[in-house]
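Letters A, B, ... are given to chains in the order of the sequence lines, protein chains preceding strands, and every chain is numbered from 1.
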Amino acid sequence: MANEEAVFFSRALTELTLSFHIIYATIGVGVPLMIMIAQWVGIQKNDEHYILLARRWARGFVITVAVGVVTGTAIGMQLSLLWPNFMELAGQVIALPLFMETFAFFFEAIFLGIYLYTWDRFDNQKKHLLLLVPVALGASFSAVFITIVNAFMNAPQGFDVMNGQLVNIQPVLAMFNPAMPTKVAHVVITAYMTAAFVLAAIAAFRLLKGSDHIYHKKALYLTMKLGLIFSIGALLIGDLSGKYLAAYQPEKLAAAEWHFETEGEAPLMLYGVLDGEEVKYAIKIPFALSILAHSNPSAEVTGLNEFPEDEIPPLYVHYLFDTMVTIGMFMILLSGLYWIGMKRNWTFIQSRWFRWLIVAGGPLTIIAIEAGWWYAEVGRQPWILHGLMRVPEAATTSGHVGTMLYLFAFLYLILGVGSVVVLTRMFRKNPVEREILDREAEKTAERQTKGGDEE
Amino acid sequence: MTLEIVGITVLISFLFGYVIVGSIDFGAGFFNAYSLLTGKDRILTNVIQRYLSPVWEVTNVFLVFFFVGIVGFFPSTAFYYGTVLLVPLSLSLLLLGIRGSYYAFETYGARGHKGYSFMYGAAGILLPASLSIVLTISEGGFVEMVDGQPILNYRELFMSPLTWSIVVLSIAAVLYVSAVFLTWYANEAGDREATDLLRKYALIWSLPTIITASGIIWELRAHNTEHYESLLDLWWMFALSFLLFIGTVWLLWKRKNYGLAFWLLIGQFALAFYAYGISHYPYLLYPHLTIYDGFTNTAMAAALVIAFILGFCLLIPSLFLLLRLFLFNKEYVRGRKEDEHA
Ligand code: HDD
Ligand code: HEM
Ligand code: HEM
């Protein structure tokens, strides 16, 4: 009964919207925390540069938030428009975190408005910083709540099925499903990591483009240090995510590792190509899959052959998983070298090629986010609700989805190009050197006319 | 009160919130574009930047709250409305996309880009039109069930006078609400020129608003008799609403107390809106879906209500703070406090 074309286009539109939204959403989760840290450091050290850093980041943030909100609204509605049957069923069990998310949005939106428009209203900078706390909390909790919904799709619980009806529903139990702890933690910490490396990339880029201002060096050091911490966190929690998969969605892990036969002492395969069931040209790390899955080099890891043919996800997820992990390792290495290098005065970390690597780190972490989500979502196939509902059963039957796909693609194109153009123009028109001078001139003028009053 | 009623009351209230703040926002965009054409843009652009930019995201959340809430409390709406509304709501989303990005892009980037301002203004008119289709469809008669799937009959929808009256009402009402609010705001800001201009707009749009509103009640008689009868039972609410309308127009005419005029307008719309909502009871979609058969399970409903109460306790003080800083702060409104954003 499902309309195949509608299913196909619904998938494509969902993929498109989410892949676009996640770029802005990730920045939206991570950057408020970075702003908060920079402003805090600035107040503690009484260093104008950090305050200015916070302020300039906040200005760029407005643009990314705008696109995040717009695309988020789109995906929020599309969930009902494209997957009406899924929402009708799942809504009975998992509507609670979705609903709570709107409060997180509310909270964030209100305080963001206040924060952005009150930069000079308070004499005490700490009061102003305080306004940012609800913004950062709101953003992170949006991510927490929406990820809980996604975790539920992977490991549904909190209800019983009787004669095709959901009974005995427990919304809170559904929220605290087995996928939730690792998923939420991994998503949130990778968002922080991404924000740190994107901002580091910008600082490194300015340094490469001729500005030798200490402002950019401070920015780079701060963000790389934070990036190192968060990327190590991402690795640790990523490892726990693997253990979750081994226990609850073994087919997803096995697909990522092209692991066909259930066996112990399983090696981790990196890259390579698949020839039937044979893996060729792969880098083999002995025991590593057993360790990732069960923390034990000889533990048995379930293979794909245990599952019926039509419940195995597409095997290309292997490359997605590898991309994510490779980038994760690379970023730890890069930021680790930078940090040690700064302590030990190694000169190569000031060199151009190293800075170019840092610049590359920004887009790379975003690619890791995309790869990670695609892995998690495609790896769940063919299920939309793991073990309960398949994707084709969930989709709309409308015949117009294809047209909508083109319309939205057009919208995202405008938004994507628009945000990039506006961001570059904004910072090119007002380089930091000039802003520092302007602010100093302002301060002296102010001191001459009066001592500050106001609240 | 049953949980069903609690749920729908909360949702209707947020929808009402969105109708008001959204109207102010949409209308302002239109007037802004219009004044660009007539060379009076300076007047309105200022108001938009000072009042609307800090709160646009909040406006948007009202909408998000409504559509997330309704599938939460009434999951079956996802099935019925989700299936039939794909096209109209996707178009609304595109328009929302243009509008949402406007504030950020315009405030910081391409300031004064005329093409974008016109798109933004046009979106302000098209949005209420496209969103109001949902109300029209809810009156029934446009959705058929074929093989257990709801199908929207576009031909019927576009041929129906009811559709077009609701579209006209939504546009007129948006412009009216917005003009009345902005008159007040400009007056508070001490901007005589803007106040006069906006007062004129408000008076112009008051008449179409009330005429189409009455016309729709009339058309419902033919389209949905059941709904029409229950509307008549609530005649006193509409009568009160009409009195408040007279009050607003009178104050505007006499150039008196624009603040009170705006609050009377809120009263007018609230009475009419709730009367409409109550008379719609128990249907979410005539005649297929009522709030009783579309309702979620009790456990979820109770959880949602609790979450709502807790969330509300967080929300109210924050909203209050926002309004105090940007709407009721005389210094800010007049632009004396030179708060540059970020
Ligand atoms: C900057 C981004 C980033 C980086 C560097 C990593 N991850 Fe990741 N990973 C994500 C971003 C991400 C993500 C986008 O946040 C995902 C997608 C969905 C999810 O739950 O998190 C994800 C999912 C995800 C999953 C699937 C979880 C599930 O489907 O429930 C596993 C097993 C890992 N990751 C493991 C790792 C390991 C072992 C890494 C080693 C460094 C790693 N990730 C680095
Ligand atoms: C924001 C990051 C996300 C990205 C990039 C992403 C990506 C994807 C992709 C690629 C698919 C298609 C899989 C396929 O058809 O092969 C998909 C499907 C889907 N995802 Fe996600 N997803 C994300 C988060 C979420 C979250 C948080 C939810 C739930 C609240 C969700 C709900 C869905 C639904 C309903 C589908 C359609 C059914 C399906 O095809 O499996 N996604 N997503
Ligand atoms: C199916 C998946 C998703 C849905 C339905 C969704 C829904 C939404 C909605 C409705 C908004 C706009 C809220 C507003 O008006 O302020 C939004 C924005 C946002 N979303 Fe998503 N979202 C999804 C996936 C994600 C994921 C996976 C993350 C985090 C990792 C995320 C983080 C955010 C954040 C932080 C914002 C606020 C805007 C910003 O700060 O950039 N969302 N989302």
> How would you list, in number order, the residues of residues 89-97 of chain B that have a heavy atom less than 4.5 Å from chain A?
Replying inline: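 Answer by number: B/Leu89, B/Ser90, B/Leu91, B/Leu93, B/Leu94, B/Leu96, B/Gly97.
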Region of [X] in contact with chain A, defined by heavy-atom distances below 4.5 Å:
X: B/Tyr80; result: neither
X: B/Thr296; result: side chain
X: B/Phe295; result: neither
X: B/Phe312; result: backbone
X: B/Leu63; result: side chain

> If you look at every heavy atom in B/Pro75 and A/Met87, which pair is closest and at what distance?
Replying inline: CB-O, 4.3 Å
> Looking only at heavy atoms, what is the nearest atom pair of A/Leu411 and B/Ile98, with distance?
Replying inline: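 Heavy atoms only, the tightest pair is CD1-N, 4.5 Å.
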If you round to the nearest 0.5 Å, how far is [atom2] of [Y] from [atom1] of [X]?
X: B/Glu57; Y: A/Leu116; atom1: CD; atom2: CG; value: 9.0 Å
X: B/Ile70; Y: A/Phe99; atom1: CD1; atom2: CZ; value: 11.5 Å
X: B/Met300; Y: A/Leu166; atom1: CE; atom2: CG; value: 10.5 Å
X: A/Thr102; Y: B/Phe67; atom1: OG1; atom2: CZ; value: 9.5 Å
X: B/Leu86; Y: A/Ser80; atom1: CG; atom2: OG; value: 11.5 Å
X: B/Leu304; Y: A/Leu96; atom1: CG; atom2: CG; value: 5.5 Å

What residue in [options] has the most heavy-atom pairs under 4.5 Å with chain B?
options: A/Ala95, A/Gly91, A/Ala54, A/Ala104; result: A/Ala95
options: A/Gly113, A/Pro171, A/Ala90, A/Pro134; result: A/Pro171
options: A/Phe111, A/Phe408, A/Phe410; result: A/Phe408
options: A/Leu407, A/Ile414, A/Thr424; result: A/Leu407

Other residues, nucleotides and ligands only: do more than 12 of their heavy atoms fall within 6.0 Å of [atom1] on [X]?
X: B/Tyr154; atom1: OH; value: yes
X: A/Met162; atom1: CE; value: no
X: A/Phe141; atom1: CZ; value: no

> Do A/Phe103 and B/Phe65 make the cut of ring centroids closer than 6.0 angstrom?
Replying inline: yes
>> Only pairs of heavy atoms separated by less than 4.5 Å count here; which of B/Ser76, B/Ser101, B/Ala302 has the most with chain A?
In response: B/Ser76
>> Taking every non-hydrogen pair under 4.5 Å, which of B/Val71, B/Leu85, B/Leu315 racks up the most with chain A?
In response: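 Of the options given, most contacts go to B/Leu315.
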>> If I measure from the heavy atoms of chain B, does A/Val93 come under 4.5 Å with its side chain, its backbone, both, or neither?
In response: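 Backbone only.
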